[in-house]
S.K.: 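Encoded as structure tokens, here's the structure I'll be asking about.
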Amino acid sequence: CPRCMQCDTKFDFITRKHHCRRCGKCFCDKCCSKKVPLPRMCFVDPVRQCAECALISQKETEFYDKQLKVLMNGATFFVTLGTSDKSELMVCRLSNNQRYLVLDGDSHYEIEIIQISTVQILTEGFTPGGGNTRAIGMILQYKVPGSEELTQMKFTASEDFSCNKKLSASWLAAMHKVSKGGKRYRMM
């Protein structure tokens, strides 16, 4: 006899089975009662999902509604390549197809997202409880196509008043969330 994937309740005439619209597994009403939009599968209106899938769908929605927009709009940073002591003021943004990190200034770089190996967010104002920190920069390591060596770039939020420091901090926070999300967000 078929049973609920989560609580092992036996399905019968009274206890009906329901399919999670995300994973497709069978659950009882109690274990599959969350209703969340699932736009990546063309469900714009909320649909029935199990608790685990509903949480993932909510995080994806937050990512697409918030972080992705911030990353695509871009922000201004001083960018230092490798061990150089010279930095260049550049606008950094995610490309429209979401496959490249594009840096524009006097120089132009396009770093394929899949080639990025590490993202380290630099903060200041750290307290033992972890509060009151603010993002001031980032160190990015990536592979240049055709090379096995890692190249490093350091991004520092500009102290210049003409550059929006709050925008840079928001961009860094979004980048941090994406890098913590790992491969799950690399649907880009």
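Note that this is a predicted model, so its numbers are computed, not measured.
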S.K.: Out of curiosity, Ile56 CD1 to Cys23 SG, how far, rounded to the nearest 0.5 Å?
M.R.: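 That separation rounds to 9.0 Å.
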S.K.: Show which residues join Leu150 in its hydrophobic cluster (side-chain heavy-atom contacts under 4.5 Å, direct or indirect), or state none.
M.R.: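 Grouped by the 4.5 Å side-chain rule, Leu150 forms a cluster of one, so the answer is none.
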S.K.: For Ser87, give me all partners under side-chain contact (heavy atoms from CB on, under 4.5 Å), at least two apart in sequence or on another chain.
M.R.: Phe78, Thr80
S.K.: List the residues meeting side-chain hydrogen bond (donor to acceptor under 3.5 Å, both in side chains) with Arg21, not counting sequence neighbours, and say none if there are none.
M.R.: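 For Arg21 there are no side-chain hydrogen bond (donor to acceptor under 3.5 Å, both in side chains) partners, ignoring immediate neighbours.
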S.K.: How long is the span from the CG atom in Leu167 to the OG1 atom in Thr76, to the nearest 0.5 Å?
M.R.: 7.0 Å
S.K.: Under the rule for side-chain contact (heavy atoms from CB on, under 4.5 Å), what residues qualify as partners of Thr151, not counting sequence neighbours?
M.R.: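 Expected list: Leu81, Tyr142, Val144.
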S.K.: What pairs with Glu88 under side-chain hydrogen bond (donor to acceptor under 3.5 Å, both in side chains), at least two apart in sequence or on another chain?
M.R.: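 Partners of Glu88 by the side-chain hydrogen bond (donor to acceptor under 3.5 Å, both in side chains) criterion, ordered by chain and then number, come out as Ser107.
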S.K.: Can you find a pair of side-chain heavy atoms, one from Leu172 and one from Phe77, that are under 4.5 Å apart?
M.R.: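 The answer is yes; the side chains approach within 4.5 Å.
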S.K.: Looking only at heavy atoms, which two atoms of Met90 and Gly105 are closest? And how far apart?
M.R.: CE-N, 3.8 Å
S.K.: Does atom CG (Asp106) have a neighbourhood of more than 12 heavy atoms from anything else shown, all under 6.0 Å?
M.R.: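 No, because the 6.0 Å sphere around CG of Asp106 holds 12 heavy atoms or fewer from other groups.
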S.K.: Measure across Ala54 and Val36 and return the closest heavy-atom pair with its distance rounded to 0.1 Å.
M.R.: CB-CG2, 3.8 Å
S.K.: Which pair of non-hydrogen atoms, one from Ala75 and one from Trp171, has the smallest distance, and what is that distance?
M.R.: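 Heavy atoms only, the tightest pair is CB-CB, 3.7 Å.
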S.K.: Is a donor on one side and an acceptor on the other found under 3.5 Å between the side chain of Arg48 and the backbone of Cys32?
M.R.: yes
S.K.: Which heavy atom of Ala135 sits nearest to which heavy atom of Ala169, and what is that distance?
M.R.: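 Heavy atoms only, the tightest pair is O-CB, 4.2 Å.
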S.K.: What distance do Phe27 atom CZ and His18 atom NE2 have between them, rounded to the nearest 0.5 Å?
M.R.: 12.0 Å
S.K.: Please write out which residues are connected to Val47 in a hydrophobic cluster, directly or through intermediates, given that two of Ile, Leu, Val, Met, Phe, Trp, Tyr count as joined at side-chain heavy-atom separations below 4.5 angstrom.
M.R.: Leu38, Met41, Phe43
S.K.: Using the rule given for side chain to side chain contact (heavy atoms under 4.5 Å, CB included), can you reason through Gln98 versus Ile113, listing the C-alpha separation, both sets of side-chain angles and the distance that settles it, and then say yes or no?
M.R.: CA-CA 8 Å; Gln98 304 162 20; Ile113 298 294; over 6 Å; no
S.K.: Between Ile116 and Leu103, is there a shared hydrophobic cluster once you connect ILVMFWY residues whose side-chain heavy atoms come closer than 4.5 Å?
M.R.: yes
S.K.: State which residues pass side-chain hydrogen bond (donor to acceptor under 3.5 Å, both in side chains) with Gln115; sequence neighbours excluded, sorted by chain then number.
M.R.: none
S.K.: Answer whether the closest heavy-atom distance between the side chains of Met175 and Phe155 falls below 4.5 Å.
M.R.: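 A side-chain contact is absent here, since even the closest heavy-atom pair is not under 4.5 Å.
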S.K.: Output the distance between atom CG (Asp29) and atom NZ (Lys17), rounded to the nearest 0.5 Å.
M.R.: 15.0 Å
S.K.: Using side-chain heavy atoms (C-beta onward) and a distance below 4.5 Å, is Met72 in contact with Asn96?
M.R.: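 They are in side-chain contact.
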S.K.: Which other residues end up in the same hydrophobic cluster as Val102, if Ile, Leu, Val, Met, Phe, Trp and Tyr are linked when side-chain heavy atoms come under 4.5 Å apart?
M.R.: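 Same cluster as Val102: Tyr100.
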S.K.: Can you measure from OG (Ser95) to CD1 (Ile111) and round to the nearest 0.5 angstrom?
M.R.: 11.5 Å
S.K.: Linking I/L/V/M/F/W/Y whenever their side-chain heavy atoms sit closer than 4.5 Å, directly or via other members, would Val91 and Met153 fall into one cluster?
M.R.: no
S.K.: Quick one: list whatever passes side-chain contact (heavy atoms from CB on, under 4.5 Å) with Asp12, sequence neighbours left out.
M.R.: Ile14, Thr15
S.K.: Check Val70 against Ala174 and note the closest heavy-atom contact, atom names and distance.
M.R.: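 Closest approach of Val70 to Ala174: CG1-CB, 4.1 Å.
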S.K.: Minimum heavy-atom separation for Phe13 to Arg16, with atom names?
M.R.: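 Residues Phe13 and Arg16, closest heavy atoms: O-CG, 4.2 Å.
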S.K.: For Glu148, give me all partners under salt bridge (charged side-chain N to carboxylate O under 4.0 Å, His left out), at least two apart in sequence or on another chain.
M.R.: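 Testing Glu148 for salt bridge (charged side-chain N to carboxylate O under 4.0 Å, His left out), a comparison that skips the adjacent residues, returns Lys143.
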S.K.: Report the residues that fulfil side-chain hydrogen bond (donor to acceptor under 3.5 Å, both in side chains) with Thr118, sequence neighbours left out, ordered by chain and then residue number.
M.R.: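 Here the qualifying residues are Gln141.
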S.K.: Just verifying a value: how many Å separate Lys25 NZ and Cys4 SG, rounded to the nearest 0.5 Å?
M.R.: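 Taking NZ in Lys25 and SG in Cys4, the distance rounds to 11.0 Å.
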S.K.: Cluster partners of Ile136, using ILVMFWY side-chain heavy atoms under 4.5 angstrom, listed by chain and number?
M.R.: Leu122, Ile139
S.K.: Is there side-chain contact between Ser57 and Arg22, with heavy atoms separated by less than 4.5 Å?
M.R.: yes
